[in-house]
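So the structure is just underneath, and the comments pick up after that.
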Amino acid sequence: MRKLIGLFGVVAFVLGFSLLLSLGGFMYIPKSQPRVQPALLDLKEGYFIKDVFYIEYTLYGNNFLALIYLNYTYNPSYIYATAYSPEAVTAIVWDYRGLDTLFETAVFYLAIIGALALARGVLRVYKPHGNLGMSLIVKTVTRITSALIVTVAASIALHGHLTPGGGFQGGSAAAVAPLLVLTAFSLYFLFEKGVSKDLMLIIRSIGLIGIALTALSCYFIAVANGSRAFVFQNQPKFMNGSRIDVSIPSHIGGELISGTLWFFNLSEFFAVMAGFTIVFLLLFMPEEAYRGESG
Amino acid sequence: MINLELTTLVFMAVLSIASLIAVYLAVFEKKLVKAVIFSAIQSTIYALLYYLLMAPDIALVYIPVAVGLYPAVILLLISKTEKEERD
């Protein structure tokens with residue numbers, strides 16, 4: 001009877017996904033002709049985008065927002081709507097919809113706090129005798145690959161404004177390296193090297209403080225200059241007939257930094273990597289460390 | 001020449017059905033380690049689907065989380081409790 005219900009469920013799933021994919025062919029799947037590139041108009045201060053792009057608005061309908069994002073995430077000729085980032089996803093995540101990412105980071109922060117609260121009753125961790133961890137071959141390969149993993153993850157995070165990736169992607173890829181070291185060597189190896197739960201908590205707090213300071217950076221600059229600015233502001237904005245000319249520089253030393261995006265990616269990388277490592281350090285603790293009064 | 005768009009669509013349909021088979025095997029498997037392997041296979045197929053749907057950022061998150069971190073946590077859980085699902 002259970003097998004029959006399972007079979008019926010699988011058939012329903014197969015038919016549902018087939019319907020979804022055939023519908024997707026009309027809407028999202030890449031077509032044979034390339035994306036239509038509308039001509040970028042010479043915009044002056046104060047124009048509402050919908051009035052200027054009226055023809056495209058009638059053509060594209062619900063995809064008008066996508067049209068705006070794709071045209072303005074890197075558009076030096078209209079500095080009041082651009083984020084100076086060729087990578088549209090990172091520009092949307094940290095500039096256009098920065099508050100959503102703030103709440104997502106807060107949710108991740110609370111989840112790690114929940115895991116930490118569950119593991120309060122650790123008394124003392126005693127290192128057992130003998131050879132710990134896996135064989136010599138596994139340890140040597142882990143030494144090489146964990147360095148490579150951290151390098152690639154840092155590249156994903158720091159190039160998040162140029163290539164696909166970003167802070168969270170790089171952080172979750174970098175969290176695989178401590179997990180490998182925990183499995184191939186042992187938990188006590190990491191403790192002897194100084195990687196403890198408290199150090200990871202400090203790194204995570206530094207990442208979160210970096211995010212908060214970067215979000216408020218334009219506000220502090222405006223307070224020092226006596227003008228106005230928004231929270232999560234990246235480049236100058238034009239609101240209600242007045243210019244808000246506070247910005248983080250988009251190029252440093254000739255290299256594209258995209259204002260606050262690079263600093264957001266760096267801080268989120270450290271916060272996410274340290275958060276995942278805390279959870280794994282707590283999960284790998286042996287049962288004997290929790291003996292005694294544990295709340 | 002072959003129609004590239006249709007080939008991509010057919011390939012995505014085949015991948016979806018393969019992921020469904022992997023999920024079915026993962027749910028109805030009694031040995032828990034094999035079930036985790038089937039779940040990792042399903043996540044790999046999903047990462048390939050995300051790449052074909054032109055969402056590389058999501059694929060870059062899904063691969064370390066669902067193929068690396070999540071099976072590691074479940075395998076640790078299996079090693080601390082039982083290795084076979086009794087019913």
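Note on naming: letters A, B, ... go to the chains in the order of the sequence lines (proteins, then strands), and numbering restarts at 1 for each one. As the structure is a computational prediction, the values presented were derived from the model and not from experiment.
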Main-chain N/O of A:T151 paired to A:S155 side chain as donor or acceptor, under 3.5 Å =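 Checked: no pair found.
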
Does any N or O in the side chain of A:N234 come within less than 3.5 Å of the main-chain N or O of A:T260, such that one atom is a donor and the other an acceptor?
->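 A pair under 3.5 Å: yes.
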
For the candidates B:L20, B:I17, B:V23, which exhibits the highest count of non-hydrogen atom pairs separated by less than 4.5 Å from chain A?
->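 Heavy-atom pairs under 4.5 Å are most numerous for B:L20.
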
Which one, B:V73, B:L4, B:I21, B:V65, leads in non-hydrogen pairs under 4.5 Å with chain A?
->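 When all of B:V73, B:L4, B:I21, B:V65 are compared, B:V73 has the most.
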
Toward chain A, the part of [X] with a non-hydrogen atom under 4.5 Å:
X	result
B:V61	both
B:L76	side chain
B:Y62	neither

Contacting region of [X] [heavy-atom separation from chain B under 4.5 Å]:
X	value
A:S172	both
A:L283	both
A:F17	side chain
A:I156	side chain
A:V14	both

For atom [atom1] of [X], decide whether the heavy atoms of other residues, nucleotides or ligands shown that lie under 6.0 angstrom number more than 12.
X	atom1	value
B:Y24	OH	yes
A:F168	CZ	yes
B:K80	NZ	yes
B:F11	CZ	no
B:Y70	OH	no

Straight-line distance of [X] [atom1] to [Y] [atom2], nearest 0.5 Å:
X	Y	atom1	atom2	answer
A:L116	A:L281	CG	CG	10.0 Å
B:E84	B:L32	CD	CG	7.5 Å
A:W94	A:S258	CH2	OG	14.0 Å

Could you tell me if the ring centre of A:Y188 sits under 6.0 Å from that of A:F284?
->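 No, ring centres 6.0 Å or more apart.
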
Options A:T90, A:V89, A:V279, A:T163, ranked by heavy-atom pairs under 4.5 Å with chain B, top entry |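 Sorted descending by pairs with chain B, the first entry is A:V89.
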
Contact listing (chain A partner; residues 33-50 of chain B; heavy atom under 4.5 Å) =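 So far as heavy atoms go, B:Y46 are the residues that approach chain A to under 4.5 Å.
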
